[in-house]
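Quick note on labels: first sequence line is chain A, next is B, and so on, each numbered from 1. Just so you know, these numbers come straight off a predicted model, no measurement behind them. The basis for the numbers below is simple: all heavy atoms, side chains too, and nothing from hydrogens, waters or symmetry mates.
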Number of protein chains: 2
Amino acid sequence: MNRMTEFESSREDEAARAGWLYYVGGMTQDQIANELGVSRQRAQRLVSRAVSEGLVRVRIEHKIGACLELEAELVRRFGLQTARVAPSLGEAGDSARATAPLAATLLERILARPDPQVIAFGTGRSLSAMVGEVMQRPATEHKIVSLIGNIAPDGSASFYDVIMRMADKLRLPHYPMLAPVISETAEERALFDHLKPVQAVKKLASAADATFVGIGQMNDDAPIYKDRFISLEELRELQGAGAVGEIVGSFFNDEGQPVETPLTARIGSYRIEGGREAPIIGIAAGTNKLAAIRGALSGKLVNALVTDEPTARALLG
Amino acid sequence: MNRMTEFESSREDEAARAGWLYYVGGMTQDQIANELGVSRQRAQRLVSRAVSEGLVRVRIEHKIGACLELEAELVRRFGLQTARVAPSLGEAGDSARATAPLAATLLERILARPDPQVIAFGTGRSLSAMVGEVMQRPATEHKIVSLIGNIAPDGSASFYDVIMRMADKLRLPHYPMLAPVISETAEERALFDHLKPVQAVKKLASAADATFVGIGQMNDDAPIYKDRFISLEELRELQGAGAVGEIVGSFFNDEGQPVETPLTARIGSYRIEGGREAPIIGIAAGTNKLAAIRGALSGKLVNALVTDEPTARALLG
DNA sequence: TCACTGGTTGGGCATTTGCTCATTCCGTAA
DNA sequence: TTACGGAATGAGCAAATGCCCAACCAGTGA
């Protein structure tokens with residue numbers, strides 16, 4: 001095991017060194033191969049590995065004017081604390097990829113605070129992408145808390161295990177939610193609710209200094225349905241009750257008002273209450289999420305938004 | 001003028017957008033050209049401009065093991081607060097380029113402190129390169145102070161105008177040293193010394209929360225000579241008196257003890273005193289600077305060092 | 001008006017890079 | 001020992017990139 005670790009680390013070392021020579025030193029892969037005494041292909045593989053393992057971090061140090069204006073307008077129109085608008089990555093672009101670096105910067109700002117912070121996280125693709133973009137910071141006494149379990153009814157863990165990866169990356173103590181996203185029955189949910197660890201996590205979450213959540217849409221490609229947390233019937237029921245969006249397991253209609261169905265009594269997530277002082281940062285982009293984002297903004301379920309250019313235009317247009 | 005600014009900014013916008021699409025979006029330059037509706041060549045130029053104008057920032061998020069060990073050993077051996085060792089960029093590599101990102105990270109840590117900081121800067125190529133690597137931060141109430149003027153005897157300003165560029169980049173109030181580096185006579189120097197602004201700057205400098213300085217070598221390619229601040233005779237005189245290095249205009253021998261010649265009475269820089277609590281960070285790399293760095297470390301003229309791998313090895317070897 | 005300077009543009013081409021594929025290497029199990 | 005699966009390796013090639021050049025454009029001063 002120890003050997004394994006050493007081996008891995010020396011391999012990462014090599015990749016990092018290749019990445020350094022390539023990106024900082026501006027050398028060609030041939031030169032790097034020469035410098036490190038390996039073949040050209042190996043140099044190329046090392047560089048590409050350095051990129052894919054996230055050892056190389058690229059950031060754009062310039063606020064594009066158009067995006068700045070959109071941000072200001074979003075803040076004004078929806079009474080937000082903060083808005084971040086990522087430049088469009090084009091038609092085919094992946095919006096989670098676009099928002100991730102901006103969201104990561106917001107998170108880093110929180111992490112940089114000198115006094116211990118409690119930071120709460122939801123789940124979702126956008127959050128997951130954000131994790132990859134966060135740069136490692138010297139850990140202080142912060143705590144990170146999960147707002148929702150990630151065990152699906154079939155017992156499988158969700159792909160987007162935000163909190164574990166985040167905790168691992170930042171070496172921070174973390175408090176996962178020890179409950180299934182959706183219990184079998186309302187009774188079972190109540191049972192979990194009274195568990196001490198769950199209580200403790202909810203208490204932490206309610207006092208979080210910052211909260212990061214994704215905003216899920218409730219049309220037919222709803223993530224919560226696609227990831228098999230709920231069935232098609234349950235989705236239809238929610239849609240019928242007017243649900244247009246979802247934030248950590250709480251459904252809301254186009255005015256941001258809570259939507260209740262028999263299902264909602266079985267959901268094991270912490271419900272964030274609106275109107276908090278501390279930032280509640282929603283991360284969501286894509287035209288298919290428009291209705292959900294509009295609802296969340298109307299109901300002031302979030303007080304900060306990270307989105308992308310086309311989505312911002314659509315929200316304001 | 002205003003038009004000019006707008007024009008420039010929209011051009012930068014375009015470059016930033018191209019850089020964003022290329023590096024964050026992972027698109028090819030052809031796709032970018034298509035997306036922005038410009039020719040392929042223009043897209044390529046925009047991307048390359050984004051890089052050269054520093055709009056794109058690349059950083060390696062991995063401490064290479066070998067460098068870490070060197071850092072620890074430097075700290076131990078020379079009783080430093082901090083040491084940073086950049087991986088080598090190879091024989092032909094530019095050492096200022098290598099140290100710059102690391103130095104910038106140290107500076108950023110200071111800048112991130114919540115309470116107002118006073119940060120003092122020397123001059124030199126290493127410091128100059130560092131400026132380019134600093135990412136823009138939301139300005140707080142920090143102040144930046146120059147430890148030395150940058151006017152050569154012939155009236156020309158030095159190339160490496162660290163403090164102006166830094167102030168410009170970070171939008172921080174700055175306090176340049178309003179005096180020539182080297183006055184004609186000791187009397188002239190005393191005159192400048194008594195000027196109120198000079199006094200004020202020195203007072204600030206003496207209370208600086210952090211100080212960044214380059215370490216200049218005193219062999220025949222001494223920067224202070226190459227940049228025409230002193231004549232060959234003066235250089236020879238200093239060498240004869242045992243000077244092996246220079247920090248913001250103060251010369252020292254191989255034990256770090258001050259070296260005085262008639263020249264030194266004419267130098268208009270603030271002399272940093274050793275043994276301070278606040279970090280005094282020396283940035284220097286390259287085998288031709290070895291003697292200078294050794295001297296500075298012996299005399300504890302700095303309490304933190306940023307250097308590169310071969311230099312660190314040589315210092316410890 | 002005209003020549004000239006400084007900068008921008010797109011075409012063409014050499015270099016660099018990313019990727020696929022067949023091969024080899026290594027550890028494991030039969 | 002041999003067969004086998006998975007990872008690493010290097011060759012070769014197509015795509016992508018960077019750079020040079022000739023043409024062009026706008027502003028400037030004679």
Side-chain angles (χ1 to χ4, degrees), chain A residues 1-60 62 65 89-94 97 132, chain B residues 1-60 62 65 89-94 97 132:
Chain A
M1 185 59 201
N2 187 14
R3 162 167 258 149
M4 166 80 173
T5 316
E6 264 179 43
F7 179 65
E8 283 297 328
S9 103
S10 93
R11 132 131 4 152
E12 277 210 345
D13 264 23
E14 217 181 350
R17 194 177 281 271
W20 169 270
L21 292 169
Y22 190 69
Y23 287 105
V24 180
M27 294 166 69
T28 150
Q29 298 182 350
D30 256 329
Q31 296 173 288
I32 294 168
N34 211 37
E35 180 77 24
L36 300 182
V38 299
S39 72
R40 212 230 356 131
Q41 288 86 335
R42 188 163 164 75
Q44 129 80 357
R45 281 188 185 108
L46 285 171
V47 173
S48 106
R49 179 181 337 247
V51 175
S52 72
E53 305 216 333
L55 271 39
V56 175
R57 193 60 23 92
V58 181
R59 216 162 256 190
I60 306 296
H62 185 84
L89 285 180
E91 289 305 312
D94 172 5
R97 187 172 192 174
Chain B
M1 185 60 203
N2 187 14
R3 164 169 257 151
M4 165 81 172
T5 315
E6 265 180 43
F7 178 64
E8 282 298 328
S9 102
S10 92
R11 135 140 351 164
E12 277 209 348
D13 263 24
E14 219 180 349
R17 195 177 282 269
W20 169 270
L21 292 170
Y22 191 69
Y23 287 104
V24 180
M27 294 167 69
T28 150
Q29 297 182 350
D30 258 330
Q31 297 172 287
I32 295 168
N34 210 37
E35 181 77 24
L36 300 182
V38 299
S39 72
R40 215 239 341 140
Q41 290 86 328
R42 188 161 164 75
Q44 127 82 354
R45 277 186 190 112
L46 286 171
V47 173
S48 110
R49 167 158 9 224
V51 174
S52 71
E53 306 217 332
L55 270 41
V56 176
R57 193 62 21 93
V58 181
R59 217 162 255 191
I60 306 295
H62 185 83
L89 285 181
E91 290 304 311
D94 171 5
R97 188 172 192 174

Do A/V56 and A/W20 touch side chain to side chain, with heavy atoms closer than 4.5 Å? no

Is the shortest side-chain heavy-atom distance between B/V47 and B/Y23 below 4.5 Å? yes

Nucleotide of D/dG10, D/dC13, D/dT17 approaching A/R40 most closely (side-chain heavy atoms): D/dC13

pair B/R42-B/E14: side-chain heavy atoms closer than 4.5 Å: yes

Quick one: pull up OG in B/S39 and CG in B/D30 and give me the separation to the nearest 0.5 Å. 10.0 Å

Rounded interatomic separation in angstrom, taking CE from B/M27 and P from D/dT17: 11 Å

Starting at the 5' end of DNA chain D and moving along, which residue's nearest nucleotide shows up first, B/V47 or A/S39? A/S39

Using a 4.0 Å heavy-atom cut-off, does B/Q41 contact any base of the nucleic acid, only the sugar-phosphate backbone, or nothing at all? base

Does B/S48 put a side-chain nitrogen or oxygen below 4.0 Å from OP1 or OP2 of D/dT17? no

So, does A/T28 get its side chain near the phosphate of C/dT17, meaning an N or O under 4.0 Å from OP1 or OP2? yes

If I take atom CD in residue A/Q29 and atom C1' in nucleotide D/dA15, what distance separates them, rounded to the nearest angstrom? 14 Å

Nearest whole angstrom, please: distance from the C1' of C/dT16 to the OH of A/Y23. 13 Å

Here the gap from B/I32 atom CD1 to B/R17 atom CZ, rounded to the nearest 0.5 Å, amounts to 12.0 Å

What's the CZ-C1' distance between A/R49 and D/dA7, to the nearest Å? 10 Å

Value in whole Å for how far the C1' atom of C/dT16 lies from CG of A/L21: 17 Å

Can you check whether B/Y22 has a side-chain N or O nearer than 4.0 Å to OP1 or OP2 of D/dT17? yes

Classify A/R42 by what it touches in the nucleic acid, base, sugar-phosphate, or nothing, heavy-atom distance under 4.0 Å. sugar-phosphate

Using only modelled atom types and a 3.5 angstrom limit, is any donor from either the side chain of B/Q44 or the base of D/dA16 paired with an acceptor on the other? no

Is it the case that C/dG18 (base atoms only) and A/R45 (side chain only) share a donor and an acceptor within less than 3.5 Å, ignoring hydrogens and angles? no

